Amino acid sequence: KISQCEQSFGSLTQHFTDLVTTLQTFANYTPAAAHLKIASLQNFLGQITQLNNDVIGHLTSLRFARKERNDYYTDLHDRAQRIKSITAASYGNKSTEYNMIKGLTI
């Protein structure tokens with residue numbers, strides 16, 4: 001069984017790096033397929049490393065955006081509750097004004 005941390009893209013990239021490094025130690029490694037040659041594997045490794053770094057940057061931006069969105073919703077919820085409380089205090093719990101907004105939930 002493979003653990004969850006060994007399935008991450010960072011771990012997979014590290015395993016591939018280790019594989020390419022190991023292949024470089026073999027002097028007789030000369031595959032016929034061009035995509036299996038050391039230079040091609042190193043190029044591919046560079047591409048996936050760059051893509052991983054891009055994803056990490058986007059995930060960081062996403063986390064900040066989600067936190068900001070949640071803060072806005074929390075503020076909106078608090079404002080709605082204050083408006084309902086002020087309306088109830090000003091017009092009463094049985095007023096038309098309060099009945100129009102009492103079901104408001106955020």
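Note that the structure is predicted; figures quoted are calculated from it, not measured.
Ser90 contributes no side-chain N or O that, together with a main-chain N or O of Thr87, makes up a donor-acceptor pair within less than 3.5 Å. When atom types are taken as modelled, the side chain of Thr60 and the backbone of Ile56 share a donor-acceptor pair closer than 3.5 angstrom. Judged by distance alone, with hydrogens and angles left aside, the side-chain atoms of Thr25 form a donor-acceptor pair with the main-chain N or O of Thr22 at under 3.5 Å.
Across all non-hydrogen atoms, the minimal contact from Asn99 to Lys94 is ND2-O, 3.6 Å. Residues Leu104 and Ala80 share a closest heavy-atom pair of CD2-CB, 4.0 Å. Nearest approach of Leu45 to Thr49, heavy atoms of both residues: O-OG1, 2.8 Å. Scanning both residues, Ser40 and Ala34, for their nearest heavy atoms gives CB-O, 3.3 Å. Between Lys84 and Tyr98, the shortest heavy-atom contact is O-CE1, 3.5 Å. Here the shortest heavy-atom pairing between Leu41 and Tyr29 reads CD1-OH, 4.3 Å.
One distance of note links CG of Leu59 with CZ of Arg66; it measures 8.5 Å at 0.5 Å rounding. Note: Gln47 CD to Asn43 CG = 4.5 Å, rounded to the nearest 0.5 Å. Going from atom CD of Gln42 over to atom CG of Leu23 covers 10.0 Å, rounded to the nearest 0.5 Å. Going from atom CZ of Arg69 over to atom OG1 of Thr74 covers 10.5 Å, rounded to the nearest 0.5 Å. Residue Gln50 holds its CD atom at 12.0 Å from OG1 of Thr13, rounded to the nearest 0.5 Å. A distance of 14.0 Å separates NZ in Lys67 from CG in Leu62, rounded to the nearest 0.5 Å.
In summary, Arg79 and Asp75 engage in a salt bridge, as defined by a charged side-chain N under 4.0 Å from a carboxylate O.
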* **Chi angles and distances behind the salt bridge (Lys or Arg N to Asp or Glu O under 4.0 Å) call for Asp78, Arg82** => CA-CA 6 Å; Asp78 293 341; Arg82 281 185 269 147; 5.4 Å; no

* To do: Report the C-alpha separation of Glu68 and Phe64 in whole Å, then their side-chain angles, then the decisive distance to 0.1 Å, and conclude whether the side-chain contact (heavy atoms from CB on, under 4.5 Å) test is met.
  => CA-CA 6 Å; Glu68 185 178 14; Phe64 285 126; over 6 Å; no

* Going through the distances and angles, do Phe16 and Val20 end up as a side-chain contact (heavy atoms from CB on, under 4.5 Å)? -> CA-CA 6 Å; Phe16 188 69; Val20 172; 3.8 Å; yes

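A chain of hydrophobic side-chain contacts below 4.5 Å, direct or via other Ile, Leu, Val, Met, Phe, Trp or Tyr residues, connects Leu19 to Phe44. Following chains of ILVMFWY side-chain contacts shorter than 4.5 Å, one can reach Leu36 starting from Ile38, so the two form part of one hydrophobic cluster. Residues Ile86 and Met100 are members of separate hydrophobic clusters, defined by side-chain heavy-atom contacts under 4.5 angstrom among Ile, Leu, Val, Met, Phe, Trp and Tyr.
Between Ser8 and Ser11, the side chains place a donor N or O and an acceptor N or O closer than 3.5 Å (distance only, hydrogens not considered).
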